Amino acid sequence: MSTTARSQLSPRYEAAAIEPAIYERWLAADAFTPSPEPPSGAKRFVITQPPPNVTGALHLGHALTAFVEDMLVRYHRMLGDDTLWLPGVDHASIAAQFVLDRILAEEGETRATLGRERYLQRMWQFMDETRDVIGQQHRRLGASLDWSRLRFTMDEGSARAVRAAFKRLWDAGLAYRGEALVNWCPRCRTTISDLENIKHEESGTLWTIRYHLAGPDGKPDPDNWISVATTRPETIFGDTAVAVHPEDERYAALVGREAILPFVGRRLPIIVDEHVEREFGTGAVKITPAHDFDDYEVGRRHGLPMISVLDEDARLTDEAGEFAGLDRYDARARIIDRLREMGDLEGEAPHQLVIGRCDRCGTVVEPRLSVQWFVKVKPLAERALSSVREGRTRIIPPHFEKVFAHWMENIHDWAVGRQLWWGHRIPAWYCPDGHITVSDAADGPDACADCGRPAAELTQETDIFDTWFSSGLWPFSTLGWPEETADLQRFYPTQVMETAYEILFFWVARMMMLGLFLTEVEPFETVYLHGIVRDPYGQKMSKTKGNVVDPLEMIEEIGADALRVALVSGNAPGVDQRLTAAKLTGGRNFTNKVWNAARFVLGAAPEPMAEPAGDETLAERWVRSRLAATIDRATRQLDALDLAGYAATIHEFAWSDYCDWYLEMAKVELRREDSSDAERARLWRTTTETFGELLRLLHPLLPFVTEAIWEPLGEVAPWAIRGEALLIRAAWPSASAADDAIERTVDELRDLIRAVRDQRTAAGVAAGAWLPLHVAPSGASERRALEGGARYLAALARVRPLDVTADPAGRPSSAGSTALGTFWLGSDAAADEAAGQRAAERRAELRRQVDRLRTLLGNDDFIGRAPAPVVDRERARLADLEAQLDALGDGAG
RNA sequence: GGGCGGUUAGCUCAGUUGGUUAGAGCACCUCGUUUACACCGAGGGGGUCGGGGGUUCGAGUCCCUCACCGCCCACCA
């Protein structure tokens, strides 16, 4: 078939048009879905990916995640592994409610006006609108996800897994309900976890307040008081003691007496506790157990009453007497005013303090005493920690293992309940007698597990689970757990868990804890953590700063492959990167380079096309050797999850070796007039074949570009694609042996060509001018190399005639030298003078090197203690440099 | 307060278990209409590897110390 017209590639790689079409071809071929039966003998490769939030749009972090995972998946798919990359989204209960509440507010509705049922209906409707967004965006990135297995953390499969998981925790005594102080967001009106309570350093005020001592009549003594320092005067109504340090002499006499709480007159014991810092404030501190985590502990130690004075909206309760109903900050101002009037405000000073704010809405979080569901994490954490310590789960980069350990050792019980509506309702039922029944049945228990009361008399817990509870089950819930499904057996445990280090604790730790407890096995072998993508100045990208780069806009501009190259190149795991315009341009330029190499290769078919024959040229043998070395190296790097290393390896091979040298040498061969049609056909075959191998190597990094080239390549050179119509399904190349001798020869020729070019440039010779070149080989093998490479030397150094058997005795003082021998250009006086100067510089450099090596090799310690190969290498290097120096006519001693 | 990183060319970053000439991309200088690519090609310049000390035949790499930058965790009201 005549394919010349079809194999034409457009002059430019039009990413916006080409990439979506390629993705459709992959989808049509069902290329992302594993075969129904696992290939026999194949290794498993399953990625656990963090399901993005359903409400979000894709940002650069997601793009990096997707690129890293897609690269690994494409590589392993090409290796023939049983590969699965399962897509999904997270229902993100608190984030989703935050977004929906905002939308409702615009419609004049609230959660309260709708009620639970209608609110959830509205939420599902909203989900239907947004659930596809992330998926569409992933398609544009080129993510080869198995869409047939798409999951959602609110689907029935997840619901079943959540119920089963909680039941097992409950049965094992690892889930409990109890009263404790938790973080409460008054705006989201829910409990949040420690991780969602973000600490900020802020400016506030430290007030000093007088608490009058109780006089003999029980009334406040106007002349005696104890002063306490506080940043939160509005919580005084919850005070149940005043504490001082046990060794604080100043207050020793007051210990055991009582102080009177202003406004309400409650009597507060003055107690001692180690927790008090004598140097801070007055050295006396009011104890408010229901509104401060420290005070809570003090309260427990001393058996103090715990009085809540803030309601769920952070307004003061009836406990606050005249201040009841006021917002916490309004109350604060009024209380301070009143204390000032009463003369009991002793001082106020600016103070830096750490305030926790809700990760979602930024509202100041309140410690709040309430009855909550908890998961006891200590035993779970210990198992996760030993997995990492004993190497059953490996974290990349390794230093995060220390961070992980530090966190796991200091972990508190996990408050899993949320007072929200959007999420999995906790499967616990209460009976009127106070019994608790936890059930994993879809429609709840038949009866109370303790007293047998019928289901009709039981009421289900209204709290839902923290989003991370269902996300934590992701690696196995998505494969059918708790059922022993075929997918679970085939794809679990997974191999690589990949995510940003930011959510190591949020998600990875919880997946490990839950996975180990529920499935008795580590949910993944390796945790690969990537860093944050920052702006060019190292700032975190955020909408408020206005420095956000939208990956989809970037893709429209330069293409998904270009963005992939930009994000992956030179990016070490766990390290933040700055995304600069230069990096993006570099990515675009590389895709363009590959595209244009393809245009050349495809267009270089010889006319007429003959049956290939003849011995391979130096160029062909060299490129095959370089290719073999590159395959070997790239494969090892991908196996080690060194993606940046892999990208650098193939970037260098493709650009420097293949394009800059091989294709240039191939041009020399193709344009020879003394070669036969058969030889030209063979060269073309080698070129297309190696180019096909290059495309395979590049595919994980440039999936779209390489796939776009693959089909036209196959049309003109079917041998290059070995019968596989789609590159995504082609086999990863296997490395043959590199040919060190050939590589050395070409290296030496390259050095000579460069040296000649250097002299030409230095002499200001017109670029197009042909100059005679004389080379006096330093030995027989060098002479053979020169003869073998004469064609390349002549064309690439632009020299003519070329004399490779020159008599060294006839060399001028301007002669240069390389490993192959001495060389000089036949040229005009100006060129001679410049060359002479170069030659002198070269001699000086050689002398310096030779001296250094002679000193080193004259050192008995070095000879005696360095390993033999190192010594031999240095000796060889010295001999080589001495030979070059001799050839230049300078013995140097 | 505790912990973890980082400091390598003008910029952004690599640098395997220590091996003696520390790399890349971008930027810079010179040259170039050679029919794949100017989103290109050729050549070139540029680093006492944050400071100091130590171990070693040999240190960007290991140890100690100091300085600066960043991040995470944390219960001084």
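Everything numeric in this text was worked out from a predicted model, so none of it was measured. Residue numbers begin at 1 in each chain, while the letters A, B, ... track the order of the sequences.
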Of B:G43, B:G41, B:C57, the nucleotide closest to the side chain of A:D660 is B:G41
note: A:R873, atom CZ; B:G19, atom P; distance rounded to Å ~ 9 Å
Q. Would one find a side-chain N or O of A:R848 under 4.0 angstrom from OP1 or OP2 of B:U21?
A. no
For this session: Indicate, with a heavy-atom threshold strictly under 4.0 Å, whether A:W655 touches base, sugar-phosphate, or nothing.
Result: sugar-phosphate
### Query
Does the side chain of A:H351 get closer than 4.0 angstrom to OP1 or OP2 of B:A77 through an N or O atom?
yes
Determine the contact category for A:R633: base if any of its heavy atoms lies under 4.0 Å from a base atom, sugar-phosphate if only primed atoms, P, OP1 or OP2 are that close, otherwise nothing.
-> nothing
Rounded to whole Å, CD of A:E409 lies from C1' of B:G2 at a distance of 13 Å
Closest of B:A38, B:A42, B:G19 to the A:A866 side chain is B:G19
Closest of B:A77, B:C39, B:C73 to the A:D292 side chain is B:A77
TODO: Using the C1' atom on both, measure B:A27 against B:G45 and round to a whole Å.
DONE: 13 Å
Atom CD of A:Q352 and atom P of B:A77 are separated, to the nearest Å, by 11 Å
| request: Looking at every strand, decide which applies to A:E664 at a 4.0 Å heavy-atom threshold: base, sugar-phosphate, or nothing. | output: base
Regarding the side chain of A:F280, the nearest nucleotide among B:A77, B:A38, B:C4 is B:A77
| said: Just to be sure I understand the rule, does A:F505 reach a base, reach only the sugar-phosphate, or reach nothing, if contact means heavy atoms closer than 4.0 Å? | reply: sugar-phosphate
Out of B:C4, B:A36, B:U20, minimum distance to the side chain of A:K402 belongs to B:C4
Counting the atoms with a prime plus P, OP1 and OP2 as sugar-phosphate, which does A:V575 contact under 4.0 Å by heavy atoms, base, sugar-phosphate, or nothing?
sugar-phosphate
NA contact type, A:P536, heavy-atom cut-off 4.0 Å: base, sugar-phosphate, or nothing? nothing
Of A:D657, A:T687, A:L670, the one forming a side-chain contact (heavy atoms from CB on, under 4.5 Å) with A:L663 is A:T687
Practice problem: Give the intermediate values and the outcome of side-chain contact (heavy atoms from CB on, under 4.5 Å) for residues A:W207 and A:L339. | Solution: CA-CA 11 Å; A:W207 288 279; A:L339 286 168; over 6 Å; no
Span that lies between the C1' atom of B:A14 and that of B:G51, in whole angstrom | 24 Å
Determine whether a donor-acceptor pair (N or O, by modelled atom type, separation under 3.5 Å) exists between the side chain of A:N596 and the backbone of A:N592. yes
Please classify the nucleic acid contact of A:E652 as base, sugar-phosphate, or nothing, using heavy-atom distances under 4.0 Å. nothing
Checklist line | Stepwise ring-ring contact (aromatic ring centres under 6.0 Å, His included) check, A:H530 with A:Y501 | finding: CA-CA 6 Å; A:H530 64 252; A:Y501 67 75; 8.3 Å; no
Its dot-bracket string being built from Watson-Crick and G-U pairs below 3.5 Å, with | for another strand and [ ] for crossing, RNA chain B has the pattern (((((((..((((.....[...)))).(((((.......))))).....(((((..]....))))))))))))....
Within the structure shown, what part of the strands sits under 4.0 Å from A:H291 by heavy-atom distance: base, sugar-phosphate, or nothing?
nothing
- [ ] Using a 4.0 Å heavy-atom cut-off across all strands, classify A:A648 as base, sugar-phosphate, or nothing.
- [x] nothing
note: A:E277, atom CD; B:C75, atom P; distance rounded to Å ~ 14 Å
Assign each of A:D194 and A:R798 the nucleotide of RNA chain B bearing its closest heavy atom; nearer the 5' end lies the nucleotide of A:R798
Please determine whether any donor N or O and acceptor N or O are separated by less than 3.5 Å between the side chain of A:K593 and the base of B:C37. yes
Sorted by chain and residue number, the side-chain hydrogen bond (donor to acceptor under 3.5 Å, both in side chains) partners of A:D660 (sequence neighbours excluded) come out as none
Hey, does A:A766 reach any base, or is it just sugar-phosphate, or nothing, if we go heavy atoms under 4.0 Å?
-> nothing
### Query
When you check the phosphate oxygens OP1 and OP2 of B:G70, does a side-chain N or O of A:K540 lie under 4.0 Å from one of them?
no
So, is A:R578 close to the B:C13 phosphate, meaning a side-chain N or O under 4.0 Å from OP1 or OP2? yes
Next on the checklist: Assess the residue pair A:Q352 and A:E201 against the criterion (side-chain contact (heavy atoms from CB on, under 4.5 Å)); give the C-alpha distance rounded to whole Å, side-chain angles, the decisive distance to 0.1 Å, and a yes or no.
Outcome noted: CA-CA 7 Å; A:Q352 287 299 114; A:E201 178 117 341; 3.5 Å; yes
Within 45 degrees of the ring normal and closer than 6.0 Å to the centroid, is that where the cationic atom of A:R12 sits relative to A:W595? no
The nucleotide from B:A36, B:G43, B:C76 with an atom nearest the side chain of A:K667 is B:A36
Which of A:D535, A:L563, A:L60, A:V533 passes side-chain contact (heavy atoms from CB on, under 4.5 Å) with A:V549? It is A:L60
Please work out if A:R760 contacts a base, only the sugar-phosphate, or nothing of the nucleic acid, heavy-atom cut-off 4.0 Å. nothing
Describe the nucleic acid contact of A:G570 in one word from base, sugar-phosphate, nothing, applying a heavy-atom distance below 4.0 Å. sugar-phosphate
Of the listed B:C57, B:U21, B:A36, the closest approach to the A:R877 side chain comes from B:U21
Whole-Å distance, A:F590 CZ to B:C26 P, equals 12 Å
key: C1' gap between B:A42 and B:A59, integer Å   = 37 Å
Quick check: do A:F590 and A:V705 have side-chain heavy atoms less than 4.5 Å from each other?
no
Closest of B:A36, B:U20, B:U56 to the A:R865 side chain is B:U56
Indicate yes or no for a side-chain donor-acceptor contact from A:D359 to the backbone of A:N197 under 3.5 Å, with no hydrogens or angles considered. no
Inter-nucleotide C1' distance (B:U48, B:C69), Å rounded | 23 Å
Quick note, A:V285 side chain, CB onward, closest among B:G41, B:G43, B:A77 is B:A77
Tell me what A:T580 touches on the nucleic acid: a base, only sugar-phosphate, or nothing, going by heavy atoms under 4.0 Å.
nothing
* So, A:H302 side chain and A:L304 main chain: donor-acceptor pair closer than 3.5 Å or not? -> no
- Query: C1' atom, B:C13 versus B:U17: distance in rounded Å?
  - Reply: 23 Å
Taking for A:N410 and for A:R599 the nucleotide of RNA chain B with the nearest heavy atom, the one nearer the 5' end belongs to A:R599
Here the distance between atom P of B:U17 and atom CZ of A:R636, to the nearest Å, is 14 Å
Determine the Euclidean distance between corresponding P atoms of B:A22 and B:C49; express it in Å to zero decimal places. 11 Å
Side-chain contact check for A:R588: nearest option of B:A77, B:U20, B:C39 is B:C39
**Prompt:** Reckon A:R12 touches a base, only the sugar-phosphate, or nothing at all at heavy-atom distances under 4.0 Å?
**Reply:** base
Using atom C1' in both nucleotides, what's the gap between B:G6 and B:U12 to the nearest angstrom? 14 Å
> Can the positive tip of A:K667 be found less than 6.0 Å from the middle of the six-membered ring of A:F600, inside 45° of the ring normal?
Replying inline: yes
- Task: Can you tell me, in whole Å, how much space there is between the P of B:A67 and that of B:G52?
- Result: 15 Å
